[in-house]
**Q** 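If you scroll down you'll find the structure; I have some questions about it.
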Amino acid sequence: MSQAKLSRWLKAIMVGAEIGIAIVYFLIIPVIGKDIVAANPEFAYCYWPWLIFLWTTSVPLYVAAVFGWKIAREIGLDNSFSRENAVSLKRISQLAVADTIYFFIGIVVFSLLNMIHSSIVIAAFFVLCVGIVIIIVSAGLSHLVYKAAKMREENELTI
């Protein structure tokens, strides 16, 4: 597969993922929240604080998509192993750290305020695990891409 074709595929996957994230955050989560409120009316006051909290957790995902788009563009230019890609991957890792910490703090605060349903705790644990995996993978890839870029630069200097 050529670099340009791979770049197009990555961009298409990212667009599909971002549309999927928007559907989950702005259509599915509100419906699930309303179902929880319908089944447990004592949680009705929690609906909007939770919804706003969850919507704010989507912001780093879209910022990370911008960095992912830059990486895909560099791959299309046959510049896969570059310092720019390493920096973009590092920024994605940093965004994932910030979002995971923010999410964890939000879960703790909602728990202390007794604004959390038991089914949400299970989903929150899953989300935290996914966040940790993204942190590890993007940080590891950043390190490897940086090392490869450094080796490529050294090889370009030799005759």
Side-chain angles (χ1 to χ4, degrees), residues 6-37 39-40 43-76 79-150:
L6 176 61
S7 175
R8 284 192 302 271
W9 270 105
L10 288 172
K11 289 177 181 178
I13 290 168
M14 280 190 286
V15 167
E18 294 305 317
I19 290 170
I21 289 169
I23 289 170
V24 167
Y25 271 91
F26 299 105
L27 294 177
I28 295 174
I29 288 177
V31 169
I32 290 172
K34 286 181 182 178
D35 288 345
I36 290 173
V37 168
N40 305 291
F43 287 109
Y45 70 100
C46 302
Y47 179 75
W48 281 107
W50 264 102
L51 200 56
I52 292 168
F53 168 69
L54 290 174
W55 284 344
T56 58
T57 63
S58 71
V59 173
L61 299 175
Y62 288 103
V63 175
V66 171
F67 290 114
W69 196 269
K70 288 179 183 180
I71 292 169
R73 186 187 67 222
E74 289 293 322
I75 290 171
N79 195 19
S80 301
F81 300 108
S82 65
R83 290 181 189 259
E84 295 85 13
N85 284 353
V87 169
S88 291
L89 284 164
K90 184 178 179 182
R91 296 261 162 77
I92 290 171
S93 176
Q94 292 167 342
L95 285 166
V97 167
D99 198 29
T100 303
I101 291 171
Y102 174 71
F103 190 79
F104 177 74
I105 290 171
I107 295 299
V108 170
V109 168
F110 281 125
S111 295
L112 292 174
L113 295 173
N114 199 25
M115 294 176 68
I116 193 166
H117 188 265
S118 58
S119 64
I120 302 296
V121 174
I122 296 167
F125 179 73
F126 175 74
V127 170
L128 289 172
C129 289
V130 168
I132 291 168
V133 167
I134 291 170
I135 293 165
I136 292 168
V137 169
S138 59
L141 283 173
S142 172
H143 178 73
L144 292 174
V145 169
Y146 176 77
K147 290 282 196 179
K150 194 172 165 184

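Numbers here are sequence positions counted from 1.
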**Q** Given 3.5 Å as the limit, does a donor-acceptor pair link the side chain of Ser142 with the main chain of Ser138, or not?
**A**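 Not a single qualifying donor-acceptor pair exists.
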**Q** Which heavy atom of Arg83 sits nearest a heavy atom of Tyr146, and at what distance?
**A**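 That closest heavy-atom pairing would be NH1-CE1, 3.0 Å.
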**Q** Which distance, rounded to the nearest 0.5 Å, do you find between the CG of Leu51 and the CD1 of Ile32?
**A**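 Between Leu51 CG and Ile32 CD1, I get 11.5 Å after rounding to 0.5 Å.
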**Q** Output yes when a side-chain donor or acceptor of Ser88 lies under 3.5 Å from a complementary backbone atom of Asn85, and no otherwise.
**A**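 No, because the side chain of Ser88 does not come within donor-acceptor range (under 3.5 Å) of the backbone of Asn85.
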**Q** Please identify which of these residues, Leu95, Leu89, Val87, meets the side chain to side chain contact (heavy atoms under 4.5 Å, CB included) condition with Phe67.
**A**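 Of the listed options, the one satisfying the test is Leu95.
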**Q** Crowded around Phe126 CZ? As in, over 12 foreign heavy atoms under 6.0 Å?
**A**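 Not buried by this count: 12 neighbours or fewer within 6.0 Å.
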**Q** Supply the atom-to-atom distance Ile107 CD1 to Ile116 CD1, rounded to the nearest 0.5 angstrom.
**A**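 Separation between the atoms: 4.5 Å.
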**Q** Which atoms form the tightest heavy-atom contact between Ala96 and Gly131, and what is the distance?
**A**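 Smallest heavy-atom distance, with atoms named: CB-O, 4.4 Å.
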**Q** Locate the shortest heavy-atom distance separating Pro30 from Val24; write the atom from each residue and the value.
**A**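 Scanning both residues, the minimum pair turns out to be CD-O, 4.4 Å.
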**Q** Heavy-atom count check: over 12 atoms from other residues, nucleotides or ligands less than 6.0 Å from Phe104 CZ?
**A**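 Atom CZ in Phe104 is not packed in, count stays at 12 or less.
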**Q** For the side chain of Tyr62 and the backbone of Glu18, is there at least one donor-acceptor N/O pair under 3.5 Å apart?
**A**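 Yes: the side chain of Tyr62 pairs with the backbone of Glu18.
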**Q** Within this structure, what is the CD1-OG1 distance for the pair Ile52 and Thr57, rounded to the nearest 0.5 Å?
**A**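 OG1 of Thr57 is found 12.5 Å from CD1 of Ile52.
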**Q** Let me know which of Phe53, Phe125, Phe110 forms a ring-ring contact (aromatic ring centres under 6.0 Å, His included) with Phe103.
**A**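 Among the candidates, only Phe53 passes.
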**Q** Just how far is it from atom CG of Leu54 to atom CD1 of Ile120, taken to the nearest 0.5 Å?
**A**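 Reported to 0.5 Å precision, the distance equals 7.5 Å.
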**Q** Does Ser7 use its side chain to pair, donor to acceptor, with the backbone of Ala72 at less than 3.5 Å?
**A**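 Answer holds: yes.
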**Q** Above 12 or not: heavy atoms from other molecules or residues under 6.0 Å from NZ of Lys90?
**A**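 Counting neighbours around NZ of Lys90, 12 or fewer heavy atoms of other residues, nucleotides or ligands fall under 6.0 Å, so no.
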**Q** Exactly one of Leu27, Asp35, Ile28, Ile29 should register a side chain to side chain contact (heavy atoms under 4.5 Å, CB included) with Val31. Which one does?
**A**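 Of the listed residues Leu27, Asp35, Ile28, Ile29, the side chain to side chain contact (heavy atoms under 4.5 Å, CB included) partner of Val31 is Asp35.
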**Q** To the nearest 0.5 Å, what is the distance between CD1 (Ile75) and OG (Ser80)?
**A**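 It comes to 5.0 Å.
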**Q** Surrounding CZ of Phe81 (heavy atoms of other residues, nucleotides or ligands, distance under 6.0 Å), is the total greater than 12?
**A**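 Result for CZ/Phe81: open.
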**Q** Nearest 0.5 Å please: distance from the CD1 atom of Ile71 over to the CG atom of Leu10.
**A**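 Here the interatomic distance stands at 9.5 Å.
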